[in-house]
Amino acid sequence: MSPRVRRSALPHDPSETLPVEPRPAGRVLDARLHLLDRQTLDVDDLQVATVDDLELAPPPGTSEPLTGDAPVHVVALLSGPVLATRVFGGRPPASRLHRILWRHVADVGTTVRLGVRGDDLDVLWVERWVRDHVIGRIPGGRHAPE
C-alpha cells in the first residue's frame, strides 16, 4: 500500500484556500527569539545591558485575564543580576531588576537599540559606582590608557 494519502481521505478540499487568522495591530515579536538575551545598545552604540526578562501587560482596554494565546504588550525590558538564579534556580527579587521602558526602544534587530543614552538609565548605576569608587582609586584608573 502506498504511504500517500488519497484525495478522498483528505478532511478538506485541497483547492480551497485556508482562512487567514486576524493579526494584532503593531509589530509582532517572539520574545524568546527577538528579545531575550539580546544586547541593548544606546544611541552612541555603547553596550548598556542584556535583556534578561520582560514586563508584559494586556492590551489597553482589556480587563480579562491573560491566557496563553492572547496578545500582550511589552511594557519594559528587565535587566539585572540573574546569573546566580540561572545556575542555582529561582528568580531574582523584582527590586533587583532594572527596567528599561519600551518607549525607549528604537529598533529590534540583532541587538536591541535604544533611543536614549545609557548614562541616563539606572541600569548602569553599578558600573558607574565601580568606576568611581573602585577603578578610580587605582593609580591611572581615571584616564584612558595611552
Side-chain angles (χ1 to χ4, degrees), residues 3-5 10-146:
R4 296 185 318 167
V5 177
L10 291 176
H12 66 281
D13 183 14
S15 62
E16 178 183 322
T17 59
L18 295 175
V20 178
E21 290 188 26
R23 292 183 52 96
R27 184 170 178 192
V28 177
L29 296 173
D30 183 338
R32 285 188 194 159
L33 182 64
H34 296 110
L35 295 174
L36 294 178
D37 293 330
R38 296 288 177 140
Q39 283 290 328
T40 56
L41 302 177
D42 68 355
V43 175
D44 303 323
D45 285 338
L46 297 174
Q47 292 181 359
V48 175
T50 303
V51 179
D52 295 316
D53 204 352
L54 301 172
E55 184 176 329
L56 304 174
T62 306
S63 60
E64 59 195 43
L66 294 177
T67 60
D69 58 349
V72 293
H73 293 267
V74 178
V75 176
L77 306 175
L78 302 176
S79 180
V82 297
L83 180 61
T85 58
R86 287 186 179 177
V87 173
F88 300 115
R91 258 185 97 72
S95 63
R96 300 290 308 258
L97 295 174
H98 305 289
R99 299 173 77 227
I100 301 172
L101 296 177
W102 184 253
R103 69 173 180 248
H104 296 312
V105 175
D107 184 40
V108 176
T110 306
T111 60
V112 177
R113 295 192 176 274
L114 303 177
V116 295
R117 293 179 47 91
D119 292 336
D120 299 338
L121 301 171
D122 281 342
V123 176
L124 297 177
W125 78 268
V126 174
E127 291 185 27
R128 285 193 299 268
W129 187 89
V130 169
R131 179 191 65 205
D132 297 341
H133 292 90
V134 178
I135 304 298
R137 295 179 185 260
I138 298 172
R142 291 208 179 264
H143 60 81
E146 297 175 7

**Q** If you look at every heavy atom in Leu54 and Leu77, which pair is closest and at what distance?
**A** CD2-CD2, 3.5 Å
**Q** Going from CZ on Arg99 to CG on Leu78, what distance comes out if it is rounded to the nearest 0.5 angstrom?
**A** 7.0 Å
**Q** Does atom CD (Gln39) have a neighbourhood of more than 12 heavy atoms from anything else shown, all under 6.0 Å?
**A** yes
**Q** For the side chain of Thr50 and the backbone of Asp37, is there at least one donor-acceptor N/O pair under 3.5 Å apart?
**A** no
**Q** If every non-hydrogen atom of Arg38 is compared with every non-hydrogen atom of Val112, which pair is closest and at what distance?
**A** CB-CG2, 3.9 Å
**Q** Would you please test Val116 and Asp42 for side-chain contact (heavy atoms from CB on, under 4.5 Å) and show each step?
**A** CA-CA 6 Å; Val116 295; Asp42 68 355; over 6 Å; no
**Q** Just do the side-chain contact (heavy atoms from CB on, under 4.5 Å) check on Leu46 and Leu41 with the steps written out, would you?
**A** CA-CA 5 Å; Leu46 297 174; Leu41 302 177; over 6 Å; no
**Q** Using side-chain contact (heavy atoms from CB on, under 4.5 Å), reason through Val75 and Leu56 one step at a time and then give a plain yes or no.
**A** CA-CA 5 Å; Val75 176; Leu56 304 174; over 6 Å; no
**Q** Given the rule in the side-chain contact (heavy atoms from CB on, under 4.5 Å) test, do Gln47 and Thr40 qualify, once you have shown the distances and angles that lead to the verdict?
**A** CA-CA 6 Å; Gln47 292 181 359; Thr40 56; over 6 Å; no
**Q** Could you tell me whether a side-chain N or O of Asp52 sits under 3.5 Å from a main-chain N or O of Gly80, the two making a donor and an acceptor?
**A** yes
**Q** Whether Asp45 and Arg113 form a salt bridge (side-chain N of Lys/Arg under 4.0 Å from carboxylate O of Asp/Glu) is what I want to check.
**A** yes
**Q** Answer yes when Asp30 and Arg32 have at least one side-chain N-carboxylate O distance shorter than 4.0 Å, and no when they do not.
**A** no
**Q** Give the table of side-chain donor-acceptor pairs shorter than 3.5 Å for residues 100-111, with sequence neighbours excluded, one pair per line with atom names and distance.
**A**
none

